[in-house]
Amino acid sequence: MAVSEASQLGPDYILRPLQLSDYRAGVLEVLKDLTVVGDISEKRFTEQFEFLRARQGEYFVIVIEKAATGNVVGVGTLLVERKFIHECGLVGHIEDIAVAKSEQGKRLGIKIIGALDFIGKRIGCYKNILDCSPHNEQFYVK
Ligand code: ACO
């Protein structure tokens with residue numbers, strides 16, 4: 001992550017890659033504002049985390065941590081698709097963006113999208129795309 005991207009957050013929030021301890025820092029609670037998460041044990045979370053980590057350059061899961069509490073208050077993923085077209089080009093898919101209800105409206109969602117878009121461009125994606133419900137369309141337009 002570029003310092004310039006992260007520094008726009010100010011001192012109250014930290015933008016960083018997902019880490020194992022985020023299970024206890026509430027990342028799954030944040031995702032529950034997006035959709036059904038289900039009952040995921042720490043063991044299962046760890047297995048999934050290790051699977052994603054092993055696929056270097058394919059999955060980038062980032063979180064925003066609230067400095068005062070250490071809790072995760074935002075999350076988002078960039079999934080990188082390898083194509084044959086465009087000379088075996090890369091396309092980034094921005095997925096599963098969520099901000100904790102108590103922190104919505106503070107421009108954290110915009111920061112997550114900006115950071116994922118920045119990562120996609122830096123690793124050479126010729127475009128980054130996302131799908132969303134009509135309900136959120138105006139947010140993504142912005
Ligand atoms: N509809 C229209 N405008 C919106 C919406 C919305 N649902 N949400 C935010 N905005 C606007 C804000 O008013 C703001 O406008 P401004 O620039 O004129 O002030 C701008 O978008 C930026 O808003 P943020 O403060 O950065 O948004 P926030 O941090 O609250 O995050 C998010 C927005 C991620 C949609 C959050 O409300 C959320 O987590 N919702 C529940 C989960 C969800 O639906 N996630 C998106 C799924 S789609 C996907 O993941 C690709």
Side-chain angles (χ1 to χ4, degrees), residues 1-42 44-86 88-142:
M1 179 55 46
V3 172
S4 60
E5 287 278 344
S7 62
Q8 289 171 16
L9 275 170
D12 295 339
Y13 299 96
I14 300 156
L15 193 152
R16 56 165 176 76
L18 180 75
Q19 58 194 34
L20 265 180
S21 58
D22 288 334
Y23 179 84
R24 292 179 185 215
V27 67
L28 299 182
E29 295 308 312
V30 177
L31 281 168
K32 285 176 186 169
D33 282 334
L34 169 65
T35 190
V36 175
V37 174
D39 188 14
I40 299 177
S41 67
E42 191 160 7
R44 192 139 172 242
F45 179 86
T46 302
E47 286 164 2
Q48 189 80 314
F49 178 89
E50 296 299 354
F51 178 89
L52 300 183
R53 180 157 68 179
R55 303 182 71 149
Q56 281 194 8
E58 245 179 279
Y59 288 93
F60 297 85
V61 186
I62 61 169
V63 300
I64 291 181
E65 175 188 325
K66 189 164 186 167
T69 61
N71 288 337
V72 169
V73 295
V75 61
T77 296
L78 179 79
L79 169 61
V80 180
E81 177 190 5
R82 292 183 168 267
K83 301 182 87 77
F84 283 114
I85 61 170
H86 294 286
C88 294
L90 304 177
V91 171
H93 296 268
I94 292 175
E95 297 278 349
D96 300 350
I97 308 294
V99 172
K101 270 205 175 60
S102 60
E103 300 289 331
Q104 287 179 7
K106 298 180 180 177
R107 310 199 70 77
L108 298 182
I110 289 264
K111 299 289 191 316
I112 294 169
I113 304 272
L116 294 173
D117 190 54
F118 176 83
I119 293 169
K121 286 179 179 143
R122 277 296 288 265
I123 64 171
C125 293
Y126 68 84
K127 65 178 175 182
N128 293 319
I129 57 181
L130 62 84
D131 295 314
C132 71
S133 64
H135 169 71
N136 287 321
E137 200 176 321
Q138 280 313 307
F139 165 68
Y140 291 109
V141 168
K142 283 173 181 170

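In listed order, ligands and their atoms are each counted from 1. Each residue takes its place number in the sequence, starting with 1.
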> Hey, mind stepping through Arg44 and Glu47 against salt bridge (charged side-chain N to carboxylate O under 4.0 Å, His left out) and telling me if it holds?
Replying inline: CA-CA 5 Å; Arg44 192 139 172 242; Glu47 286 164 2; 5.8 Å; no
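- With hydrogens left out, the protein atom closest to atom 21 (O) of ligand 1 is Phe139 CD1, 3.3 Å, a heavy atom.
- Across all their heavy atoms, Asp33 and Val99 have their closest contact at OD2-O, 3.6 Å.
- Among all non-hydrogen protein atoms, the one lying nearest atom 2 (C) of ligand 1 is Gln138 CB, 3.5 Å.
- Atom CD of Glu29 sits about 11.5 Å away from atom NZ of Lys101, to the nearest 0.5 Å.
- Looking at Gly105 next to ligand 1, an N or O pair under 3.5 Å apart turns up.
- For atom 18 (O) of ligand 1, the nearest non-hydrogen atom of the protein is Lys142 NZ, 3.2 Å.
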> Checking side chain to side chain contact (heavy atoms under 4.5 Å, CB included) for the pair Leu9/Leu108: CA distance, chi angles, key distance, verdict?
Replying inline: CA-CA 8 Å; Leu9 275 170; Leu108 298 182; 3.8 Å; yes
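- Taking atom 49 (C) of ligand 1 as the reference point, the nearest protein heavy-atom neighbour is Tyr140 OH, 3.3 Å.
- Contacts with ligand 1 closer than 4.0 Å are made by no heavy atom of Glu137, backbone or side chain.
- Here the heavy atom of the protein found nearest to atom 22 (C) of ligand 1 is Ile110 CG1, 3.2 Å.
- Nearest protein heavy-atom contact of atom 43 (C) of ligand 1 is Leu34 CD1, 3.5 Å.
- For ligand 1, the atoms closer than 4.0 angstrom to any heavy atom of Cys132 are 48 (S).
- Atom OG1 of Thr69 sits about 10.5 Å away from atom CG of Asp12, to the nearest 0.5 Å.
- Using a cutoff of 4.0 Å between basic side-chain nitrogens and carboxylate oxygens, Glu50 and Arg53 are scored as salt-bridged.
- Counting all heavy atoms, side chain and backbone alike, Ile123 lies closest to Leu90 at O-CD1, 3.6 Å.
- Proximity annotation for atom 40 (N) of ligand 1: of Lys111, His135, Gln104, Arg107, Gln104 comes nearest, heavy atoms only.
- Scanning all protein heavy atoms for the shortest distance to atom 50 (O) of ligand 1 gives Ile97 N, 2.9 Å.
- Note: no N/O pair closer than 3.5 Å links Ala98 and ligand 1 by distance alone.
- The N/O atoms of Asn136, backbone and side chain alike, include one that comes under 3.5 Å of an N/O atom in ligand 1.
- When heavy-atom distances to ligand 1 are checked against a 4.0 Å cut-off, Asp131 comes that close only through its backbone atoms N, CA, C and O.
- Considering NZ of Lys121 and CG of Leu78, their distance stands at 11.5 Å, rounded to 0.5 Å.
- Contact detail for Leu116 and Gly76: the closest heavy-atom pair is CD1-C, 3.8 Å.
- Between Ile94 and ligand 1, no N or O atom pair is found at a separation short of 3.5 Å.
- Residue contacts with ligand 1: Gly109 is placed with a nitrogen or oxygen under 3.5 Å of a nitrogen or oxygen of the ligand (distance criterion only).
- In plain terms, the two heavy atoms of Ile97 and Leu34 that are nearest each other are O-CD1, 3.9 Å.
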> Can you check side chain to side chain contact (heavy atoms under 4.5 Å, CB included) on Val27 and Phe45, steps first, answer last?
Replying inline: CA-CA 11 Å; Val27 67; Phe45 179 86; 3.8 Å; yes
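- Inside a 4.0 Å radius of atom 12 (C) of ligand 1 there is not any protein heavy atom.
- Between Glu103 and ligand 1, no N or O atom pair is found at a separation short of 3.5 Å.
- Across every non-hydrogen atom of Lys83 and Tyr126, the tightest pair is CD-OH, 3.5 Å.
- Among all heavy-atom pairs drawn from Pro11 and Ala67, the shortest one is O-CB, 3.8 Å.
- Looking at Val99 next to ligand 1, an N or O pair under 3.5 Å apart turns up.
- Heavy-atom distances between Thr35 and ligand 1 stay at or above 4.0 Å for every pair.
- Regarding atom 41 (C) of ligand 1, its nearest protein heavy-atom neighbour is Asp33 O, 3.3 Å.
- Each of the atoms 25 (O) of ligand 1 lies under 4.0 Å from some heavy atom of Lys106.
- By the 3.5 Å distance cut-off applied to N or O atoms, Asp96 is counted among the residues near ligand 1.
- Residue-environment remark: CZ (Arg16) exceeds the threshold of 12 foreign heavy atoms within 6.0 Å.
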